[in-house]
K.L.:
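What follows is a structure written as structure tokens; I'll ask about it next.
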Amino acid sequence: MNERRKPYPFDQFEPKWQRRWDESQVFHTPNPGEGGFDPARSKFYILDMFPYPSGAGLHVGHPEGYTATDIIARYQRMRGRNVLHPMGWDAFGLPAEQYAIKSGQHPAVTTRENVAKFKAQLKRIGFSYDWQREVNTTDPHYYKWTQWIFLKIYNSWFNPETNKAEPISTYPGNNPDEVRLAYVADVPVNWCAGLGTVLANEEVIDGKSEIGGFPVVRRPMRQWMLRITAYAERLASELDELDWPEGIKLLQRNWIGKSEGAEIDFEIADCALSGPEKIRVFTTRPDTLYGATYMVLAPEHSLVDLIVTEEQWPAVRDYRERTARKSDLERTELSKHKTGVFTGGFAINPANGEKIPIWIADYVLLGYGTGAIMGVPAHDARDLEFARTFELPIVEVVQPQGDEPAIGFVGEGVAINSPVINGLKSADAKKALTEWLEGRGCGKQAINYKLRDWLFSRQRYWGEPFPIVWENGKHRALEERELPVVPPELADYKPSGSGDPPLAKATDWIRYSEKATRELNTMPQWAGSCWYYLRFCDPKNDERFVGEEAERYWMGGPKPGGIDLYVGGTEHAVLHLLYARFWHKVLFDLGYLSKPEPFQRLVNQGIILGEDNQKMSKSRGNVVNPDDVIDQHGADAFRCYEMFMGPLEQMKPWSMRGVEGVARFLARVWRLMMTENQAGNWELSPRLQEIPPDKAQQKIVHATIKKVTEDIETLSFNTAISQMMVLVNAFTNAPVLPVTAMRTLLVLLNPFAPHITSELWEKLGENFQGAPLNITEVGWPQHDDALLAQQEVEIVVQINGKVRDKFRAAMDASEETLKSSARLLPKIQEHLGGKEIRKIVVVPNKIVNIVAN
RNA sequence: GCCGGCGUGGCGGAAUUGGCAGACGCGCUGGACUCAAAAUCCAGUGAUCGCAAGAUCGUGUGGGUUCGAUCCCCUCCGCCGGCACCA
């Protein structure tokens, strides 16, 4: 007999319960207005980041967050709330397309297979999703509305007066295409030849593509952009009210990168050209204007052509060409030392009227601020390096408060050598100088953001087509009734390499009408995940992206964010979480949504490492497959181990031994209530009896109710499980087991291990009355503080902070009583010897510390 | 370089308005059961010294505050994550 006997028959009852849940649809949550909806209950929307269904199937990292949310979903149902707990598929993406390129198989086929695999795996873990709400971003019924939302964005503009998005019809200007929230622009983009597509800034890491690690180069291309920068201020400030980890908020704030300062206009000296051209710079340190001894423009700056002199022209042209050829990677690597070229032109420092040389250098970026800076070498590290390289003058204008040298001092101090603001502290000097400039019409207060507009088009097949057609070189939106725009079948999905999208090959499909042709780009993978949480509220609605009542109910509530808890990985801290907030705010502004934010509370689960403490990867051979774990130890053990490993948010290594330990715990729970008869069948333990628990048992049961409840609320699942282990250990050798105590244990354990607890609950019900037959109908227990109260406490006695003895004393005994009892202890007397007591510190119910020498 | 997080037994981790460090689990050691093994149950398990009672040391390093510090402050070291010429 090779098959090792299971320590308890999970292999029989786990599939049984999963089938029953499926058949009875117990975890289906009706919407308001539907049959079975109970308006008396409050809502709880708990969401997982939906996965990309890859061919590799689920790995143990996915179910970590999913188990956490499942525990809370089941817990909240038992607390009597209407719980929305859905799952779906973020299924547009590169692997399916690349597989299609190789095999010719349509990506939809691959996707369908992978989804089936993922779904089967998730069901095997016993998650309580409402599968009637399943969504798939590649389903035309879904992406119809993704395209619809794009049209809303396209047909809106951001009104700075009202600080929100409005329909484009309210725009008073005469060229609405200039202000649309979705627009076309010739912009320097991140072109990735390896992937055959452009990428968003967020998708480029160290000059390489986030996916695949191919080199990325800057190249001007005509692309769709979303005006996310209009929302920079709100995206940053409205983070304040959200219950997110501070670290993630900071990551987003840094990405948005707000900085306050001033814009200052420098006149061009000896300008041979007609018209008073000026060069505008942005600075966060207007107080250092007197120290500006030169100026630098980005090589691509449009004014360079106007100011460069005859004899400097060859050098400038050469430098520009070299800069253009550099990839982002090279530009980063070469950032160590400064390069640049003098243009031959000069500008006038508006503070002191001095003539300062204008340079170009690639350390000044076209995309940030105005693409031009004033060089203040004394008080900026980069400017100092540049000035030293090219021997430009250095003028100190800030006096440090300490004894550091003024040159190279970048902190705040006192203004010097600056007639208008001398003696002022930096903060006041900034304000004073900005006002002074404003008065003379050559400067004003300004705010800048690092955030760029979102490059929203991709040269791919497997993505949402844009609901846009082109006619006479102009873009135009399709009508709502023309949605969804479904991509054509193709024989060859390969990108052309030139930047032409694969859709260019579908010559029939392209032709929209006699005169108009379709947009050939597709949307990036982020599009579908920007709003899937809304679709979950009402996934089958064909009239609207989400029904109004469903949206109000599930996405409503007293807080700014509608979703009560969102769990997922940190890798989405600035991508998905920023994009989704942006779309949400646009839809909110246009009146389609109840709340300005989507995700009220966010929790990031930590990465699970392999047993070797390394990141799991195929090449290392340390990947753990959930199916194998479930085969051996069952779904309940798998779930409990995932939670018992350590704090949810922490990175931690997998351990098969650890799984065994948790499986042993569940087996002990099983054997607590079941025994094996001589025929080898499990039957109810004769130790179970309908008697009240004794005092000690009652105390531990209520201590466990308290601890497990609190720990679920704070997502401290590991310590909740420990406490239940303590309880089981305490009952393991009891001659008689009170049924009520066992029932409480089963309810507490149910969210963690739903199968074994359902099975045992049912077995108990067959022999003992007085409880619902199904554990899902049971309410969550409440602990009784009176039962936890102690009459006696142990008092620790220390001498000079070292524990020397302990004694028991009545609860809330007076300080005097504790003092004298402690001093009378023989061990204490011995230790004190001839020492003189200088002081006695008493902490009631805890400690007596005798200070002596 | 800048920003953020973390550092506790052989291992995963627990403990915080500053009050018995090491809960729970793994591993290990011994015992019970067994012809034997597995499984299960019981006991022990931070280090050093000691037959023992017990003593001393101990939460990355060094210092400080305090009757008392894993917890608060300062210094340094290490690891992880993010940003990276952002003017």
Side-chain angles (χ1 to χ4, degrees), chain A residues 4-5 7 205-206 245-255 257-259 261 281-285 288 296 298 331-332 334-338 361-365 367-376 379-383 385-386 410 448-452 570-571 573-574 604 606-607 611 613 640-641 644-647 649-662 664-665 667-668 671 716 718-726 728-729 732-733 794-806 827 838-852:
Chain A
R4 222 180 74 215
R5 197 165 149 60
I205 315 268
D206 291 335
E246 283 305 318
I248 300 293
K249 288 192 189 179
L250 197 68
L251 240 46
Q252 286 215 355
R253 284 201 190 97
N254 288 344
W255 189 263
K258 179 178 180 172
S259 46
V281 304
F282 173 73
T283 177
T284 55
R285 292 297 299 271
T288 63
V296 186
R331 232 166 132 153
T332 322
L334 296 173
S335 72
K336 312 263 148 42
H337 62 273
K338 298 277 176 286
D362 66 3
Y363 84 93
V364 174
L365 309 170
Y368 183 77
T370 60
I373 62 154
M374 60 184 204
V376 185
H379 306 294
D380 181 281
R382 296 150 303 180
D383 295 347
E385 205 195 324
F386 190 80
V410 297
N448 246 290
Y449 300 91
K450 279 203 278 183
L451 186 71
R452 304 293 146 80
T570 341
E571 67 271 22
V574 285
N604 295 116
I607 302 172
E611 300 229 27
N613 248 299
C640 288
Y641 176 65
F644 188 63
M645 291 171 82
E649 298 178 73
Q650 194 172 299
M651 182 193 291
K652 46 212 177 282
W654 187 267
S655 155
M656 276 305 173
R657 298 271 199 192
V659 185
E660 286 170 34
V662 174
R664 270 202 279 274
F665 159 65
R668 274 209 301 282
R671 288 196 311 273
S716 310
N718 54 333
T719 49
I721 295 172
S722 308
Q723 178 63 31
M724 290 188 278
M725 287 173 168
V726 170
V728 170
N729 291 345
T732 293
N733 286 314
E794 189 171 60
I795 304 292
V796 172
V797 186
Q798 298 179 334
I799 295 176
N800 297 332
K802 283 185 182 169
V803 181
R804 295 302 182 186
D805 205 358
K806 297 163 188 185
K827 270 192 206 168
R838 301 172 58 95
K839 185 175 171 185
I840 300 180
V841 182
V842 178
V843 182
N845 297 325
K846 275 192 182 145
I847 220 163
V848 177
N849 188 15
I850 301 170
V851 186

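Every value quoted in this text rests on a predicted model; they were computed, and no experiment measured them. All chains are named by letter (A, B, ...) in the order of the sequence lines, taking the proteins before the strands, and each is independently numbered beginning at 1.
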K.L.:
Could you check whether the side chain of A/Lys839 and the base of B/C67 have a donor-acceptor pair of N or O atoms closer than 3.5 Å, going by distance alone?
P.N.:
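No such pair is found, so the answer is no.
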K.L.:
Any base atoms under 4.0 Å from A/Arg838, or only sugar-phosphate, or nothing? Heavy atoms, all strands.
P.N.:
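It contacts nothing in the nucleic acid.
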K.L.:
Calculate the interatomic distance between A/Met645 atom CE and B/G13 atom C1'; express it in whole Å.
P.N.:
11 Å
K.L.:
Heavy atoms only: give me the nearest A/Asp805-A/Lys827 pair and the separation to one decimal.
P.N.:
OD2-CB, 3.7 Å
K.L.:
Are A/Asn800 and A/Val851 packed together at the side-chain level, in the sense that at least one heavy-atom pair is separated by less than 4.5 angstrom?
P.N.:
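Yes. Closest side-chain heavy atoms under 4.5 Å.
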K.L.:
What's the closest nucleotide to the A/Lys806 side chain, out of B/C26, B/G19, B/C20?
P.N.:
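The nucleotide sitting nearest to the side chain is B/C20.
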K.L.:
When you check every protein heavy atom under 4.0 Å of nucleotides 3-10 of chain B, what one-letter string (B, S, -) results, 5' to 3'?
P.N.:
SS------
K.L.:
From CG of A/Asn613 over to C1' of B/G13, roughly how many Å is that when rounded to an integer?
P.N.:
13 Å
K.L.:
Can you name the nearest heavy-atom pair linking A/Arg668 to A/Thr732, along with the distance?
P.N.:
CD-OG1, 4.2 Å
K.L.:
Answer with base, sugar-phosphate or nothing: what part of the nucleic acid does A/Lys827 contact at a heavy-atom distance below 4.0 Å?
P.N.:
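Here A/Lys827 touches the backbone only, sparing every base.
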K.L.:
Would you say A/Asn729 places a side-chain N or O within less than 4.0 Å of OP1 or OP2 belonging to B/G25?
P.N.:
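A/Asn729 to B/G25 OP1/OP2: side-chain N or O found under 4.0 Å.
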K.L.:
Just to be sure I understand the rule, does A/Lys652 reach a base, reach only the sugar-phosphate, or reach nothing, if contact means heavy atoms closer than 4.0 Å?
P.N.:
sugar-phosphate
K.L.:
More 5' along RNA chain B: A/Thr283 or A/Glu794, using each one's nearest nucleotide?
P.N.:
A/Glu794
K.L.:
Taking all non-hydrogen atoms of both residues into account, name the closest pair between A/Met374 and A/Val281 and its distance.
P.N.:
N-CG1, 3.8 Å
K.L.:
Taking all heavy atoms of A/Val376 and all of A/Asp383, pick out the closest pair and write down the distance.
P.N.:
N-OD2, 3.0 Å
K.L.:
For A/Lys802, report the nucleic acid contact type (base, sugar-phosphate, nothing); a contact means any heavy atom under 4.0 Å.
P.N.:
sugar-phosphate
K.L.:
Compute both the distance and the angle, then confirm whether A/Lys338 meets the cation-pi test with A/Tyr363: under 6.0 Å from the six-membered ring centre, within 45 degrees of the axis.
P.N.:
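Yes - A/Lys338 lies over the ring of A/Tyr363, closer than 6.0 Å to its centre and within 45° of its axis.
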K.L.:
Run the numbers on A/His337 and A/Glu385 for side chain to side chain contact (heavy atoms under 4.5 Å, CB included), then give the verdict.
P.N.:
CA-CA 8 Å; A/His337 62 273; A/Glu385 205 195 324; 4.3 Å; yes
K.L.:
May I have the distance from A/Trp654 (atom CH2) to B/G13 (atom P), rounded to whole angstrom?
P.N.:
14 Å
K.L.:
Is A/Asn448 touching bases, backbone alone, or none of the nucleic acid, heavy atoms closer than 4.0 Å?
P.N.:
nothing
K.L.:
Does B/G82 count as syn, meaning its glycosidic angle lies within 90° of 0, or as anti?
P.N.:
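Nucleotide B/G82 adopts anti.
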K.L.:
What class does the angle between the rings of A/Phe282 and A/Tyr368 fall in, given that below 30° is parallel, 30 to 60° is tilted and above 60° is perpendicular?
P.N.:
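Because their plane-to-plane angle is over 60°, the rings of A/Phe282 and A/Tyr368 count as perpendicular.
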K.L.:
Just N and O in the side chain of A/Arg804: are any of them under 4.0 Å from OP1 or OP2 of B/C20?
P.N.:
no
K.L.:
When we call it a touch if two heavy atoms are under 4.0 Å apart, what does A/Met651 touch: a base, just sugar-phosphate, or nothing?
P.N.:
sugar-phosphate
K.L.:
Over all strands shown, is A/Ser259 touching base, sugar-phosphate only, or nothing at heavy-atom distances under 4.0 angstrom?
P.N.:
sugar-phosphate
K.L.:
Would you say A/Asn718 places a side-chain N or O within less than 4.0 Å of OP1 or OP2 belonging to B/C24?
P.N.:
no
K.L.:
Name the closest nucleotide to the A/Asn849 side chain, picking from B/A87, B/A14, B/G19.
P.N.:
B/G19
K.L.:
Which protein N or O atoms sit under 3.5 Å from an N or O of nucleotides 44-53 of chain B?
P.N.:
none

K.L.:
Could you give the CZ-to-C1' distance, from A/Arg668 to B/A39, as a whole number of Å?
P.N.:
13 Å
K.L.:
Do other residues, nucleotides or ligands put more than 12 heavy atoms under 6.0 Å from A/Arg253 CZ?
P.N.:
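Yes, CZ of A/Arg253 has more than 12 neighbouring heavy atoms, counting only those of other groups under 6.0 Å.
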K.L.:
Would you classify A/Val841 as touching base, sugar-phosphate or nothing, given that sugar-phosphate means primed atoms plus P, OP1 and OP2, and contacts are heavy atoms under 4.0 Å?
P.N.:
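Contact class for A/Val841: base.
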K.L.:
Separation of A/Lys846 atom NZ from B/A69 atom C1', in whole Å?
P.N.:
15 Å
K.L.:
In sequence, state the C-alpha distance, the side-chain angles, and the governing distance for A/Met725 and A/Phe644, and then conclude on side chain to side chain contact (heavy atoms under 4.5 Å, CB included).
P.N.:
CA-CA 11 Å; A/Met725 287 173 168; A/Phe644 188 63; 3.9 Å; yes
K.L.:
Measuring from the side chain of A/Arg664 (C-beta onward, heavy atoms only), which nucleotide among B/G27, B/G13, B/A87 has the closest atom?
P.N.:
B/G27
K.L.:
Figure out the CD/C1' separation between A/Gln798 and B/A69, and round it to whole Å.
P.N.:
12 Å
K.L.:
Do A/Lys338 side-chain and B/C85 base share a donor-acceptor contact under 3.5 Å?
P.N.:
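Flag set: donor-acceptor pair detected.
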K.L.:
Counting heavy atoms from C-beta on, name the nucleotide in B/U56, B/C20, B/G27 closest to the side chain of A/Val796.
P.N.:
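Minimum distance to the A/Val796 side chain belongs to B/C20.
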K.L.:
Considering heavy-atom distances to RNA chain B, does A/Val843 or A/Thr732 have its closest nucleotide positioned more toward the 5' end?
P.N.:
A/Val843
K.L.:
For RNA chain B, produce a single dot-bracket line, 5' to 3'. Pairs: Watson-Crick or G-U wobble, both distances under 3.5 Å. Symbols: ( ) within strand, [ ] crossing, | other strand, . unpaired.
P.N.:
(((((((..(((......[....)))((((((.......))))))((((....))))..(.(((..]....))).))))))))....
K.L.:
May I ask you to say what A/Arg253 touches in the nucleic acid, namely base, sugar-phosphate or nothing, with a heavy-atom cut-off under 4.0 Å?
P.N.:
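No contact at all - A/Arg253 keeps every heavy atom at 4.0 Å or more from the nucleic acid.
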